[in-house]
There are 2 protein chains.
Amino acid sequence: MAAAAELFAERGYDGVPVWAIAAKAGVNKAMISYHFGGKRNLYQTIAEDAFGEVVSRIEELADSARPAPDLLKDLVADVAEVTTKRSPHVFTMLLREVLAGGKRLEPGVAGKPVRMLAAVQRIVERGVREGTLRQVDPLLTHLSLVGSLVFFFATERFRRRVLKGRHFTPPDVSAFVRHIQDLITHGLTAHGEESGSRVERHARKPAARGGRGAHGRSDGR
Amino acid sequence: MAAAAELFAERGYDGVPVWAIAAKAGVNKAMISYHFGGKRNLYQTIAEDAFGEVVSRIEELADSARPAPDLLKDLVADVAEVTTKRSPHVFTMLLREVLAGGKRLEPGVAGKPVRMLAAVQRIVERGVREGTLRQVDPLLTHLSLVGSLVFFFATERFRRRVLKGRHFTPPDVSAFVRHIQDLITHGLTAHGEESGSRVERHARKPAARGGRGAHGRSDGR
DNA sequence: GTCTATAGGCTGATAGAC
DNA sequence: GTCTATCAGCCTATAGAC
(Lines give C-alpha, C1' and ligand atoms only; values in the text may rest on other atoms or scores of the structure.)
Protein backbone atom coordinates (compact mmCIF):
# COMPACT_ATOMS: atom_id res chain seq x y z
CA MET A 1 0.00 0.00 0.00
CA ALA A 2 2.84 2.40 0.76
CA ALA A 3 4.49 1.62 -2.55
CA ALA A 4 1.23 2.14 -4.40
CA ALA A 5 0.46 5.37 -2.57
CA GLU A 6 3.77 6.87 -3.59
CA LEU A 7 3.35 5.89 -7.22
CA PHE A 8 -0.27 7.00 -7.43
CA ALA A 9 0.65 10.34 -5.90
CA GLU A 10 3.51 10.84 -8.31
CA ARG A 11 2.01 9.69 -11.60
CA GLY A 12 -1.73 9.51 -11.04
CA TYR A 13 -4.00 6.49 -11.18
CA ASP A 14 -3.84 6.03 -14.92
CA GLY A 15 -0.10 6.63 -15.03
CA VAL A 16 0.81 3.68 -12.84
CA PRO A 17 0.85 0.12 -14.22
CA VAL A 18 0.21 -2.64 -11.74
CA TRP A 19 3.58 -4.21 -12.45
CA ALA A 20 5.28 -1.00 -11.23
CA ILE A 21 3.50 -1.21 -7.89
CA ALA A 22 4.35 -4.89 -7.59
CA ALA A 23 7.99 -4.24 -8.43
CA LYS A 24 8.31 -1.42 -5.90
CA ALA A 25 6.65 -3.51 -3.21
CA GLY A 26 8.76 -6.53 -4.09
CA VAL A 27 5.81 -8.79 -4.76
CA ASN A 28 4.28 -10.51 -7.75
CA LYS A 29 1.78 -8.50 -9.72
CA ALA A 30 -0.87 -11.20 -9.48
CA MET A 31 -0.81 -10.76 -5.70
CA ILE A 32 -2.40 -7.34 -6.02
CA SER A 33 -5.50 -8.74 -7.63
CA TYR A 34 -5.51 -11.59 -5.15
CA HIS A 35 -5.22 -9.48 -1.99
CA PHE A 36 -6.96 -6.25 -2.96
CA GLY A 37 -9.29 -7.33 -5.72
CA GLY A 38 -7.68 -5.35 -8.47
CA LYS A 39 -6.00 -2.03 -9.08
CA ARG A 40 -9.06 0.13 -8.53
CA ASN A 41 -9.84 -1.51 -5.19
CA LEU A 42 -6.28 -1.03 -4.05
CA TYR A 43 -6.52 2.64 -4.86
CA GLN A 44 -9.84 2.94 -3.09
CA THR A 45 -8.48 1.29 0.03
CA ILE A 46 -5.49 3.61 0.18
CA ALA A 47 -7.60 6.71 -0.38
CA GLU A 48 -10.14 5.74 2.26
CA ASP A 49 -7.41 5.11 4.80
CA ALA A 50 -5.46 8.30 4.17
CA PHE A 51 -8.37 10.70 3.76
CA GLY A 52 -10.10 9.27 6.82
CA GLU A 53 -7.17 10.11 9.04
CA VAL A 54 -7.15 13.76 7.97
CA VAL A 55 -10.91 14.19 8.17
CA SER A 56 -11.18 12.73 11.66
CA ARG A 57 -8.41 15.00 12.91
CA ILE A 58 -10.04 18.11 11.51
CA GLU A 59 -13.51 17.18 12.75
CA GLU A 60 -12.10 16.51 16.19
CA LEU A 61 -10.73 20.06 16.21
CA ALA A 62 -14.00 21.50 14.92
CA ASP A 63 -15.83 19.91 17.86
CA SER A 64 -13.62 21.69 20.37
CA ALA A 65 -14.83 24.82 22.13
CA ARG A 66 -11.44 26.52 22.22
CA PRO A 67 -10.93 29.90 20.50
CA ALA A 68 -11.19 29.68 16.72
CA PRO A 69 -7.75 31.20 15.98
CA ASP A 70 -6.11 28.56 18.17
CA LEU A 71 -8.07 25.82 16.45
CA LEU A 72 -7.02 27.04 13.02
CA LYS A 73 -3.40 27.11 14.07
CA ASP A 74 -3.66 23.64 15.52
CA LEU A 75 -5.30 22.52 12.31
CA VAL A 76 -2.23 23.66 10.40
CA ALA A 77 0.05 21.79 12.76
CA ASP A 78 -2.14 18.68 12.72
CA VAL A 79 -2.25 18.59 8.96
CA ALA A 80 1.52 18.92 8.83
CA GLU A 81 1.92 16.13 11.33
CA VAL A 82 -0.34 13.74 9.47
CA THR A 83 1.46 14.27 6.21
CA THR A 84 4.98 14.11 7.62
CA LYS A 85 4.55 11.27 10.09
CA ARG A 86 1.65 9.17 8.88
CA SER A 87 0.90 9.31 5.18
CA PRO A 88 3.22 11.49 3.12
CA HIS A 89 1.09 11.25 0.01
CA VAL A 90 -2.40 12.09 1.30
CA PHE A 91 -2.56 15.56 -0.07
CA THR A 92 -1.15 14.75 -3.44
CA MET A 93 -3.75 12.02 -3.81
CA LEU A 94 -6.47 14.24 -2.39
CA LEU A 95 -5.61 17.02 -4.75
CA ARG A 96 -5.62 14.71 -7.73
CA GLU A 97 -9.09 13.53 -6.74
CA VAL A 98 -10.37 17.04 -6.35
CA LEU A 99 -8.93 17.97 -9.75
CA ALA A 100 -10.75 15.01 -11.24
CA GLY A 101 -13.95 16.16 -9.61
CA GLY A 102 -14.20 13.10 -7.38
CA LYS A 103 -15.46 10.98 -10.25
CA ARG A 104 -13.20 8.05 -9.55
CA LEU A 105 -14.06 7.52 -5.90
CA GLU A 106 -17.07 5.83 -4.43
CA PRO A 107 -19.48 8.28 -2.74
CA GLY A 108 -18.29 7.55 0.80
CA VAL A 109 -14.72 8.55 0.06
CA ALA A 110 -15.62 11.38 -2.29
CA GLY A 111 -17.53 13.07 0.50
CA LYS A 112 -14.48 13.43 2.73
CA PRO A 113 -13.16 16.63 1.17
CA VAL A 114 -16.63 18.08 1.74
CA ARG A 115 -16.50 17.07 5.39
CA MET A 116 -13.15 18.84 5.77
CA LEU A 117 -14.66 21.91 4.18
CA ALA A 118 -17.67 21.80 6.48
CA ALA A 119 -15.50 21.37 9.58
CA VAL A 120 -13.25 24.32 8.79
CA GLN A 121 -16.26 26.45 7.95
CA ARG A 122 -17.78 25.60 11.32
CA ILE A 123 -14.64 26.80 13.09
CA VAL A 124 -14.49 30.03 11.12
CA GLU A 125 -18.19 30.76 11.55
CA ARG A 126 -17.92 30.40 15.28
CA GLY A 127 -14.81 32.56 15.38
CA VAL A 128 -16.56 35.33 13.50
CA ARG A 129 -19.64 35.02 15.69
CA GLU A 130 -17.60 35.16 18.89
CA GLY A 131 -15.49 38.03 17.63
CA THR A 132 -12.14 36.26 17.76
CA LEU A 133 -11.89 36.37 13.97
CA ARG A 134 -12.44 39.29 11.63
CA GLN A 135 -15.65 39.35 9.58
CA VAL A 136 -14.37 36.95 6.94
CA ASP A 137 -16.34 34.65 4.70
CA PRO A 138 -16.07 31.08 6.05
CA LEU A 139 -16.01 29.36 2.67
CA LEU A 140 -13.41 31.70 1.20
CA THR A 141 -11.35 31.45 4.34
CA HIS A 142 -11.44 27.69 4.16
CA LEU A 143 -10.39 27.76 0.51
CA SER A 144 -7.46 30.10 1.01
CA LEU A 145 -6.20 28.42 4.17
CA VAL A 146 -6.63 24.80 3.16
CA GLY A 147 -5.58 25.68 -0.37
CA SER A 148 -2.23 26.91 0.87
CA LEU A 149 -1.73 23.82 2.98
CA VAL A 150 -2.73 21.26 0.40
CA PHE A 151 -0.71 23.02 -2.28
CA PHE A 152 2.37 23.14 -0.08
CA PHE A 153 2.35 19.50 0.93
CA ALA A 154 1.26 18.19 -2.44
CA THR A 155 4.03 20.00 -4.29
CA GLU A 156 6.85 19.20 -1.93
CA ARG A 157 8.39 16.68 -4.31
CA PHE A 158 8.36 19.18 -7.14
CA ARG A 159 10.10 21.82 -5.06
CA ARG A 160 12.76 19.40 -3.92
CA ARG A 161 13.51 18.58 -7.53
CA VAL A 162 13.54 22.02 -9.10
CA LEU A 163 14.93 24.09 -6.26
CA LYS A 164 18.11 22.06 -6.01
CA GLY A 165 20.99 24.45 -6.38
CA ARG A 166 18.97 27.54 -7.22
CA HIS A 167 17.18 28.98 -4.24
CA PHE A 168 18.21 29.73 -0.70
CA THR A 169 15.60 28.20 1.58
CA PRO A 170 14.98 24.50 1.15
CA PRO A 171 11.27 24.05 1.78
CA ASP A 172 11.08 23.43 5.52
CA VAL A 173 7.82 22.09 6.88
CA SER A 174 8.00 23.63 10.33
CA ALA A 175 8.91 27.03 8.87
CA PHE A 176 5.90 26.86 6.60
CA VAL A 177 3.64 25.89 9.48
CA ARG A 178 4.86 28.89 11.44
CA HIS A 179 4.40 31.14 8.42
CA ILE A 180 0.76 30.12 7.97
CA GLN A 181 0.06 30.42 11.68
CA ASP A 182 1.56 33.88 11.49
CA LEU A 183 -0.71 34.76 8.58
CA ILE A 184 -3.69 33.56 10.62
CA THR A 185 -2.64 35.84 13.45
CA HIS A 186 -2.19 38.88 11.26
CA GLY A 187 -4.72 38.23 8.54
CA LEU A 188 -7.67 36.58 10.23
CA THR A 189 -7.80 37.33 13.93
CA ALA A 190 -9.62 40.40 15.16
CA HIS A 191 -6.85 41.88 17.24
CA GLY A 192 -8.13 44.96 18.94
CA GLU A 193 -9.96 46.42 15.97
CA GLU A 194 -12.88 47.54 18.07
CA SER A 195 -10.64 49.23 20.61
CA GLY A 196 -8.53 52.02 19.22
CA SER A 197 -5.45 50.62 20.90
CA ARG A 198 -2.26 48.96 19.72
CA VAL A 199 -2.43 45.53 18.17
CA GLU A 200 -1.99 42.82 20.73
CA ARG A 201 -1.87 39.05 20.69
CA HIS A 202 -4.94 37.16 21.73
CA ALA A 203 -4.88 35.42 25.08
CA ARG A 204 -3.12 32.08 25.32
CA LYS A 205 -5.04 28.99 26.30
CA PRO A 206 -3.45 25.92 27.81
CA ALA A 207 -3.55 23.16 25.19
CA ALA A 208 -6.76 21.17 25.40
CA ARG A 209 -5.18 17.82 24.61
CA GLY A 210 -1.82 17.18 26.22
CA GLY A 211 1.56 18.33 24.91
CA ARG A 212 1.93 16.34 21.74
CA GLY A 213 4.85 18.48 20.67
CA ALA A 214 3.79 18.94 17.06
CA HIS A 215 5.66 21.19 14.69
CA GLY A 216 4.23 24.53 15.50
CA ARG A 217 1.52 24.17 18.06
CA SER A 218 -0.33 27.44 18.33
CA ASP A 219 0.79 27.72 21.93
CA GLY A 220 4.31 26.58 21.26
CA ARG A 221 5.92 29.42 19.40
CA MET B 1 -6.90 22.78 -28.44
CA ALA B 2 -9.70 24.08 -26.24
CA ALA B 3 -11.36 20.69 -26.24
CA ALA B 4 -8.11 18.96 -25.39
CA ALA B 5 -7.28 21.46 -22.64
CA GLU B 6 -10.57 20.81 -20.91
CA LEU B 7 -10.19 17.05 -21.07
CA PHE B 8 -6.54 17.07 -19.99
CA ALA B 9 -7.41 19.31 -17.08
CA GLU B 10 -10.26 17.09 -16.01
CA ARG B 11 -8.80 13.61 -16.42
CA GLY B 12 -5.07 14.08 -16.77
CA TYR B 13 -2.86 13.27 -19.72
CA ASP B 14 -3.04 9.51 -19.33
CA GLY B 15 -6.75 9.56 -18.70
CA VAL B 16 -7.70 11.07 -22.04
CA PRO B 17 -7.79 8.94 -25.20
CA VAL B 18 -7.20 10.78 -28.45
CA TRP B 19 -10.61 9.75 -29.77
CA ALA B 20 -12.25 11.65 -26.88
CA ILE B 21 -10.47 14.84 -27.86
CA ALA B 22 -11.37 14.33 -31.49
CA ALA B 23 -15.01 13.69 -30.61
CA LYS B 24 -15.28 16.77 -28.41
CA ALA B 25 -13.64 18.91 -31.07
CA GLY B 26 -15.80 17.40 -33.78
CA VAL B 27 -12.89 16.22 -35.89
CA ASN B 28 -11.40 12.92 -36.92
CA LYS B 29 -8.86 11.44 -34.55
CA ALA B 30 -6.27 11.07 -37.28
CA MET B 31 -6.33 14.85 -37.70
CA ILE B 32 -4.68 15.28 -34.32
CA SER B 33 -1.60 13.39 -35.37
CA TYR B 34 -1.64 15.19 -38.71
CA HIS B 35 -1.86 18.74 -37.33
CA PHE B 36 -0.08 18.49 -34.01
CA GLY B 37 2.24 15.55 -34.49
CA GLY B 38 0.64 13.28 -31.93
CA LYS B 39 -0.98 13.44 -28.52
CA ARG B 40 2.13 14.43 -26.59
CA ASN B 41 2.89 17.30 -28.94
CA LEU B 42 -0.66 18.56 -28.66
CA TYR B 43 -0.36 18.55 -24.90
CA GLN B 44 2.99 20.30 -25.04
CA THR B 45 1.61 23.01 -27.32
CA ILE B 46 -1.33 23.69 -25.04
CA ALA B 47 0.82 23.78 -21.94
CA GLU B 48 3.36 26.11 -23.49
CA ASP B 49 0.65 28.49 -24.64
CA ALA B 50 -1.26 28.60 -21.39
CA PHE B 51 1.68 28.70 -18.98
CA GLY B 52 3.41 31.33 -21.08
CA GLU B 53 0.49 33.72 -20.73
CA VAL B 54 0.52 33.49 -16.94
CA VAL B 55 4.27 33.75 -16.61
CA SER B 56 4.56 36.80 -18.82
CA ARG B 57 1.82 38.56 -16.87
CA ILE B 58 3.49 37.89 -13.55
CA GLU B 59 6.94 38.84 -14.76
CA GLU B 60 5.57 42.05 -16.18
CA LEU B 61 4.24 42.89 -12.73
CA ALA B 62 7.51 41.94 -11.07
CA ASP B 63 9.35 44.41 -13.28
CA SER B 64 7.19 47.28 -12.14
CA ALA B 65 8.44 49.70 -9.49
CA ARG B 66 5.07 50.21 -7.83
CA PRO B 67 4.59 49.32 -4.14
CA ALA B 68 4.82 45.59 -3.49
CA PRO B 69 1.39 45.24 -1.82
CA ASP B 70 -0.27 46.80 -4.86
CA LEU B 71 1.64 44.48 -7.15
CA LEU B 72 0.57 41.43 -5.18
CA LYS B 73 -3.04 42.50 -5.32
CA ASP B 74 -2.82 43.11 -9.03
CA LEU B 75 -1.21 39.72 -9.40
CA VAL B 76 -4.27 38.16 -7.82
CA ALA B 77 -6.56 40.05 -10.17
CA ASP B 78 -4.40 39.26 -13.20
CA VAL B 79 -4.31 35.58 -12.44
CA ALA B 80 -8.09 35.58 -12.05
CA GLU B 81 -8.51 37.39 -15.33
CA VAL B 82 -6.28 35.00 -17.24
CA THR B 83 -8.10 31.96 -15.96
CA THR B 84 -11.61 33.35 -16.44
CA LYS B 85 -11.20 35.11 -19.76
CA ARG B 86 -8.33 33.43 -21.56
CA SER B 87 -7.61 29.84 -20.57
CA PRO B 88 -9.92 28.36 -17.96
CA HIS B 89 -7.81 25.26 -17.49
CA VAL B 90 -4.32 26.66 -17.02
CA PHE B 91 -4.11 26.10 -13.33
CA THR B 92 -5.56 22.64 -13.35
CA MET B 93 -2.99 21.65 -15.94
CA LEU B 94 -0.23 23.52 -14.16
CA LEU B 95 -1.07 21.85 -10.90
CA ARG B 96 -1.09 18.42 -12.48
CA GLU B 97 2.36 19.09 -13.89
CA VAL B 98 3.69 20.26 -10.57
CA LEU B 99 2.26 17.16 -8.89
CA ALA B 100 4.02 15.03 -11.47
CA GLY B 101 7.26 16.83 -10.75
CA GLY B 102 7.47 18.30 -14.24
CA LYS B 103 8.67 15.01 -15.64
CA ARG B 104 6.38 15.06 -18.66
CA LEU B 105 7.26 18.48 -19.99
CA GLU B 106 10.27 19.53 -22.00
CA PRO B 107 12.70 21.69 -19.99
CA GLY B 108 11.52 25.00 -21.48
CA VAL B 109 7.95 24.53 -20.31
CA ALA B 110 8.87 22.86 -17.05
CA GLY B 111 10.82 25.95 -16.03
CA LYS B 112 7.80 28.21 -16.15
CA PRO B 113 6.50 27.43 -12.67
CA VAL B 114 9.99 28.28 -11.43
CA ARG B 115 9.88 31.62 -13.23
CA MET B 116 6.55 32.42 -11.55
CA LEU B 117 8.09 31.55 -8.23
CA ALA B 118 11.11 33.73 -8.89
CA ALA B 119 8.97 36.68 -9.99
CA VAL B 120 6.73 36.59 -6.92
CA GLN B 121 9.76 36.23 -4.68
CA ARG B 122 11.29 39.31 -6.28
CA ILE B 123 8.19 41.35 -5.50
CA VAL B 124 8.05 40.17 -1.91
CA GLU B 125 11.76 40.71 -1.34
CA ARG B 126 11.54 44.27 -2.53
CA GLY B 127 8.46 44.90 -0.41
CA VAL B 128 10.21 43.66 2.69
CA ARG B 129 13.31 45.69 1.86
CA GLU B 130 11.30 48.86 1.29
CA GLY B 131 9.21 48.31 4.39
CA THR B 132 5.85 48.07 2.66
CA LEU B 133 5.56 44.41 3.65
CA ARG B 134 6.15 42.80 7.01
CA GLN B 135 9.33 40.78 7.50
CA VAL B 136 7.99 37.66 5.78
CA ASP B 137 9.90 34.92 4.04
CA PRO B 138 9.61 35.45 0.27
CA LEU B 139 9.50 31.76 -0.64
CA LEU B 140 6.92 30.88 1.99
CA THR B 141 4.86 33.91 1.06
CA HIS B 142 4.91 32.87 -2.55
CA LEU B 143 3.84 29.36 -1.66
CA SER B 144 0.94 30.40 0.52
CA LEU B 145 -0.31 33.11 -1.81
CA VAL B 146 0.08 31.30 -5.11
CA GLY B 147 -0.99 28.07 -3.45
CA SER B 148 -4.31 29.60 -2.50
CA LEU B 149 -4.84 30.95 -5.98
CA VAL B 150 -3.88 27.85 -7.89
CA PHE B 151 -5.90 25.67 -5.56
CA PHE B 152 -8.96 27.87 -5.91
CA PHE B 153 -8.97 28.02 -9.68
CA ALA B 154 -7.93 24.42 -10.21
CA THR B 155 -10.68 23.07 -7.99
CA GLU B 156 -13.51 25.22 -9.29
CA ARG B 157 -15.09 22.36 -11.18
CA PHE B 158 -15.04 20.15 -8.11
CA ARG B 159 -16.77 22.78 -6.01
CA ARG B 160 -19.42 23.38 -8.61
CA ARG B 161 -20.20 19.69 -8.60
CA VAL B 162 -20.21 18.90 -4.87
CA LEU B 163 -21.55 22.17 -3.50
CA LYS B 164 -24.73 21.98 -5.52
CA GLY B 165 -27.62 22.20 -3.10
CA ARG B 166 -25.59 22.10 0.07
CA HIS B 167 -23.76 25.34 0.79
CA PHE B 168 -24.74 28.98 0.73
CA THR B 169 -22.11 30.80 -1.28
CA PRO B 170 -21.56 29.51 -4.78
CA PRO B 171 -17.82 29.95 -5.42
CA ASP B 172 -17.64 33.45 -6.83
CA VAL B 173 -14.35 34.47 -8.45
CA SER B 174 -14.50 38.17 -7.73
CA ALA B 175 -15.40 37.54 -4.09
CA PHE B 176 -12.40 35.26 -3.77
CA VAL B 177 -10.12 37.83 -5.38
CA ARG B 178 -11.29 40.44 -2.90
CA HIS B 179 -10.84 37.98 -0.04
CA ILE B 180 -7.23 37.29 -0.97
CA GLN B 181 -6.47 40.96 -1.51
CA ASP B 182 -7.94 41.57 1.91
CA LEU B 183 -5.68 38.91 3.40
CA ILE B 184 -2.69 40.59 1.75
CA THR B 185 -3.68 43.88 3.32
CA HIS B 186 -4.12 42.46 6.80
CA GLY B 187 -1.62 39.62 6.77
CA LEU B 188 1.32 40.87 4.74
CA THR B 189 1.49 44.63 4.62
CA ALA B 190 3.35 46.52 7.32
CA HIS B 191 0.59 48.91 8.27
CA GLY B 192 1.84 51.25 10.91
CA GLU B 193 3.65 48.63 12.96
CA GLU B 194 6.61 50.88 13.64
CA SER B 195 4.40 53.68 14.89
CA GLY B 196 2.35 52.87 17.95
CA SER B 197 -0.76 54.22 16.29
CA ARG B 198 -3.99 52.72 15.04
CA VAL B 199 -3.85 50.38 12.09
CA GLU B 200 -4.41 52.24 8.87
CA ARG B 201 -4.64 51.37 5.23
CA HIS B 202 -1.62 52.00 3.07
CA ALA B 203 -1.78 54.90 0.64
CA ARG B 204 -3.62 54.37 -2.61
CA LYS B 205 -1.75 54.71 -5.88
CA PRO B 206 -3.40 55.57 -9.17
CA ALA B 207 -3.30 52.46 -11.37
CA ALA B 208 -0.10 52.30 -13.37
CA ARG B 209 -1.63 50.79 -16.48
CA GLY B 210 -5.02 52.16 -17.48
CA GLY B 211 -8.38 51.06 -16.11
CA ARG B 212 -8.67 47.54 -17.42
CA GLY B 213 -11.57 46.95 -15.12
CA ALA B 214 -10.45 43.56 -13.86
CA HIS B 215 -12.26 41.76 -11.10
CA GLY B 216 -10.76 43.25 -8.05
CA ARG B 217 -8.03 45.67 -9.00
CA SER B 218 -6.16 46.67 -5.90
CA ASP B 219 -7.38 50.22 -6.40
CA GLY B 220 -10.90 49.24 -7.26
CA ARG B 221 -12.41 48.05 -4.04
C1' DG C 1 -6.73 17.89 -45.87
C1' DT C 2 -9.79 14.26 -44.40
C1' DC C 3 -11.20 9.69 -43.46
C1' DT C 4 -11.12 4.36 -42.71
C1' DA C 5 -8.77 0.37 -41.47
C1' DT C 6 -5.30 -1.74 -39.19
C1' DA C 7 -0.88 -2.56 -37.11
C1' DG C 8 1.69 -2.87 -32.87
C1' DG C 9 2.35 -2.00 -28.02
C1' DC C 10 0.89 -1.98 -23.40
C1' DT C 11 -2.31 -3.03 -19.57
C1' DG C 12 -5.27 -5.43 -16.09
C1' DA C 13 -7.00 -9.63 -14.89
C1' DT C 14 -6.93 -14.57 -14.35
C1' DA C 15 -6.42 -19.68 -15.30
C1' DG C 16 -3.93 -23.14 -13.66
C1' DA C 17 0.56 -25.30 -11.92
C1' DC C 18 2.92 -25.55 -7.56
C1' DG D 1 -0.63 -18.11 -0.87
C1' DT D 2 2.49 -17.49 -4.74
C1' DC D 3 3.99 -17.52 -9.43
C1' DT D 4 4.07 -18.01 -14.71
C1' DA D 5 1.81 -17.72 -18.99
C1' DT D 6 -1.67 -15.91 -21.54
C1' DC D 7 -5.82 -13.56 -23.08
C1' DA D 8 -8.83 -9.84 -24.28
C1' DG D 9 -9.27 -4.94 -24.45
C1' DC D 10 -7.74 -0.43 -25.26
C1' DC D 11 -4.60 2.85 -26.85
C1' DT D 12 -1.63 5.66 -30.29
C1' DA D 13 0.00 6.21 -34.61
C1' DT D 14 -0.03 5.66 -39.50
C1' DA D 15 -0.63 3.64 -44.22
C1' DG D 16 -3.21 4.41 -47.92
C1' DA D 17 -7.76 5.53 -50.35
C1' DC D 18 -10.21 9.62 -51.55
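- A/Arg104 and A/Asp14 are joined by a salt bridge, as a carboxylate oxygen and a charged side-chain nitrogen come within less than 4.0 angstrom of each other.
- No side-chain donor-acceptor contact under 3.5 Å links B/Ser33 to the backbone of B/Lys29.
- Between B/Phe152 and B/Phe176, the angle of the ring planes stays under 30°, which puts this pair in the parallel group of the 30/60° scheme.
- Whole-Å rounding puts the A/Leu7 CG to C/dT11 P distance at 13 Å.
- Geometrically, A/Arg11 does not engage B/Tyr13 in a cation-pi contact, judged by NZ or CZ lying under 6.0 Å from the ring centre and within 45° of the ring axis.
- Rounded to an integer number of Å, the gap from CG of A/Asp14 to C1' of C/dG12 is 12 Å.
- In terms of the side-chain hydrogen bond (donor to acceptor under 3.5 Å, both in side chains) criterion, residue partners of A/Arg86 (sequence neighbours excluded) are, by chain and number, A/Glu53.
- Here C/dT11 presents its P atom at 19 Å from OH of A/Tyr43, a figure rounded to the nearest Å.
- Spacing between atom CD1 of B/Ile21 and atom P of D/dC11 amounts to 12 Å, rounded to whole angstrom units.
- With sequence neighbours excluded, no residue forms a side-chain hydrogen bond (donor to acceptor under 3.5 Å, both in side chains) with B/Asn28.
- In terms of phosphate contacts, A/Trp19 brings no side-chain nitrogen or oxygen within less than 4.0 Å of OP1 or OP2 of C/dG12.
- Of the residues in residues 27-36 of chain B, those with a non-hydrogen atom less than 4.0 angstrom from any atom of DNA chain D are B/Lys29, B/Ala30, B/Ser33.
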